[in-house]
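One-based numbering along the sequence shown.
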Amino acid sequence: MSLVDQYKQLHQEGKFAGFSTLEHAEQIGNLVRETGSTSVLDYGCGKGLQYSRHAIHEPWGITRLQLYDPAVPGFTEAPEAADGVICCDVMEHIPSEEVPVVLGQVIGLARKFVFFVICTRASKKFLPDGRNCHLTIKPREWWGNVIDSQRGGSAVRIVTEFRDGL
């Protein structure tokens, strides 16, 4: 079973509430206003309930919201560039050898800012194959170095918050 299929199964079983973005709504809204952004992409949005149920985006004043998650039906369409990209509690779910490529994709989709939240500890959840859901558990410095290596000459503002730092 592929990694995406395993995450699809966990989503179907209700293992991910998808509300981790809620606690950052004000900070994201500030980034939207500071950068003059009108469009936002949530890369790894889960079921998108933070928008459909909690409408966290309404105070941001954006005109276009795009949701992407390869493991959730309805949100699997390839994402398009946006002024801002939100990527909360996603990167640690990517195998470490794929992290640079995915980080490069996320940063490449942003015209003005990227907001990352990255957890640096093991998850309490496990994939159907028995692996911890957090496939890449690395310290803040490691993540910072990889993010810097993927930003290239981009002037995009990158904000990174960490959970449970190592």
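The two atoms that bring N132 and A122 nearest to each other are ND2-CB, 3.7 Å, heavy atoms only. Taking every heavy atom of both residues into account, V40 and A82 meet most closely at C-CB, 4.0 Å. Between T136 and P95, the closest heavy-atom pair is OG1-C, 3.4 Å. Closest of all the heavy-atom pairs between V72 and K47 is CG1-CA, 4.1 Å. Here the closest heavy-atom approach between residue A71 and residue H11 is recorded as CB-CD2, 3.8 Å. Taking each heavy atom of S37 and I62 in turn, the nearest pair found is O-CG2, 4.2 Å.
A donor-acceptor contact shorter than 3.5 Å links the side chain of Q6 to the backbone of D129. Remark: side-chain polar atoms of D5 are not paired, donor with acceptor, to backbone N or O of M1 under 3.5 angstrom. Not a single donor-acceptor pair under 3.5 Å links the side chain of T120 to the backbone N or O of P139. When atom types are taken as modelled, the side chain of H134 and the backbone of R121 share a donor-acceptor pair closer than 3.5 angstrom.
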Exercise for the section: May I have the step-by-step check of side-chain contact (heavy atoms from CB on, under 4.5 Å) for T21 and Y51, ending in yes or no? Expected result: CA-CA 10 Å; T21 308; Y51 304 104; 4.2 Å; yes
Handout entry: Evaluation steps, side-chain contact (heavy atoms from CB on, under 4.5 Å), between R157 and V114
Key = CA-CA 6 Å; R157 182 173 173 186; V114 179; over 6 Å; no
Exercise for the section: Output, in order, the C-alpha distance, side-chain angles, deciding distance and verdict of side-chain contact (heavy atoms from CB on, under 4.5 Å) for L10 and L127. Expected result: CA-CA 8 Å; L10 292 176; L127 294 167; 3.9 Å; yes
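One side chain, R111 or S39, offers a donor N or O that lies under 3.5 Å from an acceptor on the other. Using modelled atom types and a 3.5 Å distance limit, the side chains of D42 and Q66 yield no donor-acceptor pair. Side-chain atoms of T38 and D83 include a donor-acceptor pair closer than 3.5 Å.
Summarising the geometry, atom NZ belonging to K124 is positioned 13.0 Å from atom SG belonging to C133; distances are rounded to the nearest 0.5 Å. To the nearest 0.5 Å, the span separating CG on L67 from CZ on F75 amounts to 5.0 Å. In this structure, CG in L103 is found 7.5 Å from OG in S149, a value given to the nearest 0.5 Å. Taken to the nearest 0.5 Å, the CG atom of L3 stands 5.5 Å off from the CZ atom of R131. The SG atom of C119 sits 14.5 Å away from the NZ atom of K138 when rounded to the nearest 0.5 Å. Here CG of N30 is found 11.0 Å from CH2 of W60. Values are rounded to the nearest 0.5 Å.
Taking the side chain as every heavy atom from C-beta outward, V85 and F115 never approach each other to under 4.5 Å. Between D69 and T76, every side-chain heavy-atom pair lies at or beyond the 4.5 Å cut-off. By the 4.5 Å heavy-atom criterion applied to side chains, S96 and I137 are not counted as neighbours. L135 places none of its side-chain heavy atoms less than 4.5 Å from the side chain of I94. Counting only heavy atoms from C-beta outward, the side chains of Q27 and V159 approach each other to under 4.5 Å.
Between Y68 and Y43, the ring planes are tilted. Angles from 30° to 60° get that label.
Clustering ILVMFWY residues whenever any of their side-chain heavy atoms sit less than 4.5 angstrom apart, transitively, puts L22 in the very cluster that holds L31.
With sequence neighbours excluded, no residue forms a side-chain hydrogen bond (donor to acceptor under 3.5 Å, both in side chains) with K112. Checked against salt bridge (Lys or Arg N to Asp or Glu O under 4.0 Å), D148 has no partners two or more places apart in sequence or in another chain. Residues passing the salt bridge (Lys or Arg N to Asp or Glu O under 4.0 Å) test with R53: none are found, sequence neighbours excluded. The side-chain contact (heavy atoms from CB on, under 4.5 Å) search around T160 returns F116, I118, I147, I158, F162, not counting sequence neighbours. Legend: residues meeting salt bridge (Lys or Arg N to Asp or Glu O under 4.0 Å) with E98, ordered by chain and number and at least two apart, are absent. E161 pairs by the salt bridge (Lys or Arg N to Asp or Glu O under 4.0 Å) definition with nothing, not counting sequence neighbours.
A salt bridge is defined here as a Lys NZ or Arg NE, NH1 or NH2 lying under 4.0 Å from an Asp or Glu carboxylate O, and E80 with R64 meets this definition. With respect to the salt-bridge test (charged N to carboxylate O, under 4.0 angstrom), the residues R163 and E92 do not qualify.
By the 6.0 Å contact criterion, CD on E77 is open, its count of non-hydrogen atoms from other residues, nucleotides or ligands being 12 or less. The environment of E26 atom CD is sparse: at most 12 non-hydrogen atoms of other residues, nucleotides or ligands sit within 6.0 angstrom.
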